[in-house]
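Letters A, B, ... mirror the listed sequences (proteins, then strands); counts begin at 1. All values derive from a computational prediction rather than experimental measurement.
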Amino acid sequence: MATVQVSEAEKVYILHGIRDDLRVDGRGCEDYRHMEIETDMVSNTDGSAKVTLGHTAVLVGIKAEIRKPKPMVPNEGYLEFFVDCSANATPEFEGRGGEELGTELSNTLYKVFNNKHSMDLKSLCISAGEHCWVLYVDVLLLQCDGNLYDAMSIAIKAALFNTKIPRVHISADDEGGKEIELSDDPYDCMRLNVENVPCIVTLCKVGHRHVVDATLQEKACSVASLIISVTHKGTVTCMRKVGGGSLDPESIFEMTEAGKRVGKALHAPLMKLLQQEESLGKTRRKVGFLG
Amino acid sequence: MAADMRLPTIQKPVSLSVSAFNRKDLVVPGDVITSDTGFMRGHGTYVDEDKLTASVAGEVQRVDKLICVRPLKTRFNGEVGDVVVGRITEVQQKRWKVETNSRLDSVLLLSSVNLPGGELRRRSAEDELTMREYLQEGDLISAEVQSVFSDGALSLHTRSLKYGKLGQGVLVQLSPSLIKRQKTHFHNLPCGASIILGNNGFVWLYPTPGQQEEEAGGFFTSLEPVSLSDREVISRLRNCLLALAAHKVLLYDTSVLYCYESSLQHQVKDILKPEVMEEIVMLTQQKLLEQEG
């Protein structure tokens, strides 16, 4: 991932600041940077969202396609993730440079979102064992300024909220086979229930404390971080440790508790904002990429 | 614990005053500078149907028959005497490579630094071996441009007690076009922190040093914790600098200080919210106008 160089003295300054609960940009340890969210950005997707968090920018597009369900779960649809690390974000991603990070991110996203506790996968089923909706979730990293996981999860939740899947009507034809008919009316669509979709909270252990929404500089001072995905009820659906350093059990417990608290608090303003944007409908002027 | 989420807002187009419109020396790509063929084509221009046209957005500069456009969005083009803040990227034979936001890495020669223990000391082979003890990769320095090589790379020097290795503080990276050229780029601001406005757009904020620190020849860095009040001032200044830069206000000690004063009614972490930023910058610009007029 994009890394920055930080001198020893700068590290000491950041470390002491976090100890005193006053970070370099004036935030406390559990504060997020201010976030901008816009949905329905890309016209040729079924749902899309762009999230900017500080200078981190993530664009998510969701395409729905009809496929055969997985044989193990014939009555459920599924999600597929692909993370594209654009070389615009950092020159390190040029060529195949972003591939490794992209796979790592998409595998984590798959674990977090593709289970029945986060998404109502049954609603994606059209006819058991034969047809189901597959949601292709494409994530594009436009800029990296730390805290990719959180920004991505919020963007995915917003994009899922925005996703409109056309309704299907199944009719039996003369020979007893099934015929699938898609509705032509753009307003006759199915919306996804995103209530249980989790948000990811990344906690970076810096010194003896942990921070959420770490900038690249803070990330450079941290040895290990914990990724926790939390639903609006505070249920932890996935947890991962990243980074080379070690965490002692006590601090893992503390960080999980903090992650649950912070994660729970993320959902309410996000849903409020998404509903507000929805209610504005066509009257809202889109900002897009040049705003 | 707080997450501030919002819809993005459309940036209002800045209403330019009439005087700015009439300024013929400000051009955008495609603007015809002159259709007179008697001029020579310099940087940032091209000839399109016998007309000299700008290829970058910036300011037109004329030297005799040569017309150049100095771009506004650019990397740092150093000149002799510029104060810069930079980061060491490499330690080489007798020299350090320094990242200064220029097109090429700058060079800091071992012979152009003050070594601890006297200014007029011969540089021995031992000094060469212990270079990394003075400055290692990642360290920040303040320096002055000593000369410019033919390829545009800069040669720096730190042969004055005011330059040298930087200790605890915060680096803010901005556009070099936003830094106003002044007599001095080192300021001890009355709000309780010091600032180095590097000409290369790197701004260093640090707690105002005490007396004893300045004697160690610039290689001593204190790792004592900075007091919470100093931290708050520095964080506030950092956010103010970013706010000013976002609204393209020229940076010098007065503008920074006015912005700091205008921001006092807000919490430090709120300064970077767009509406607060706009309000603070407006107040600052007003104060600057009053002071001028």
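- If you take CG on B:D139 and OG on A:S7, they are separated by 5.5 Å, rounding to the nearest 0.5 Å.
- Atom CZ of residue A:R27 and atom CG of residue B:L272 lie 9.5 Å apart, to the nearest 0.5 angstrom.
- Nearest heavy-atom pair, A:R23 versus B:S235, reported as atom, atom and distance to 0.1 Å: O-OG, 3.4 Å.
- Side-chain atoms of B:R6 do not come within 3.5 Å of backbone N or O of A:I37 as any donor-acceptor pair.
- Residues B:P225 and A:R19 come closest through the heavy atom pair CB-NH2, 3.9 Å.
- Dense packing is recorded around NZ of A:K164, with more than 12 heavy atoms of other residues, nucleotides or ligands lying under 6.0 Å away.
- Heavy atoms of B:E137 lying under 4.5 Å from chain A belong to its backbone as well as its side chain.
- Within a 6.0 Å radius of CD in A:E257, more than 12 heavy atoms belonging to other residues, nucleotides or ligands are found.
- Counting only heavy atoms from C-beta outward, the side chains of A:L22 and B:L228 approach each other to under 4.5 Å.
- Rounded to the nearest 0.5 angstrom, A:E10 CD and B:W204 CH2 are separated by 4.5 Å.
- In this structure, chain B has a heavy atom under 4.5 Å from the side chain of A:Q276, while its backbone stays farther away.
- With a 4.5 angstrom heavy-atom cutoff, B:Q267 does not touch chain A via any of its atoms.
- A:A9 and B:L166 get closest at one heavy-atom pair: CB-O, 4.4 Å.
- Only the side chain of A:L280 comes within contact range of chain B, judged by heavy atoms closer than 4.5 Å.
- Remark: A:E250 CD is loosely packed, at most 12 non-hydrogen atoms of other residues, nucleotides or ligands lying under 6.0 Å away.
- Proximity to chain A is limited to the side chain of B:R87, based on heavy atoms less than 4.5 angstrom apart.
- Here the CE atom belonging to B:M5 is positioned 4.0 Å from the CE atom belonging to A:M35, to the nearest 0.5 angstrom.
- Of all non-hydrogen atoms in A:D20 and B:V226, the two that sit nearest each other are OD2-O, 4.4 Å.
- The nearest pair of heavy atoms linking B:L7 to A:L273 is N-CD1, 3.6 Å.
- Proximity of a side-chain donor or acceptor of B:R236 to a complementary backbone N or O of A:D25 within less than 3.5 Å is not detected.
- In this structure, A:Y13 OH and B:L171 CG are separated by 12.5 Å, a value rounded to the nearest 0.5 Å.
- Between chain B and the options A:K11, A:K286, A:H16, the largest number of non-hydrogen pairs under 4.5 Å is found for A:H16.
- A pairwise comparison of heavy atoms in B:I88 and A:Q5 identifies O-OE1, 3.7 Å as the closest pair.
- Within a 6.0 Å radius of CZ in B:F186, more than 12 heavy atoms belonging to other residues, nucleotides or ligands are found.
- Neither the backbone nor the side chain of A:L15 comes within contact range of chain B, judged by heavy atoms closer than 4.5 Å.
- Expressed to the nearest 0.5 Å, how far CG of A:D31 lies from CG of B:D4 amounts to 10.5 Å.
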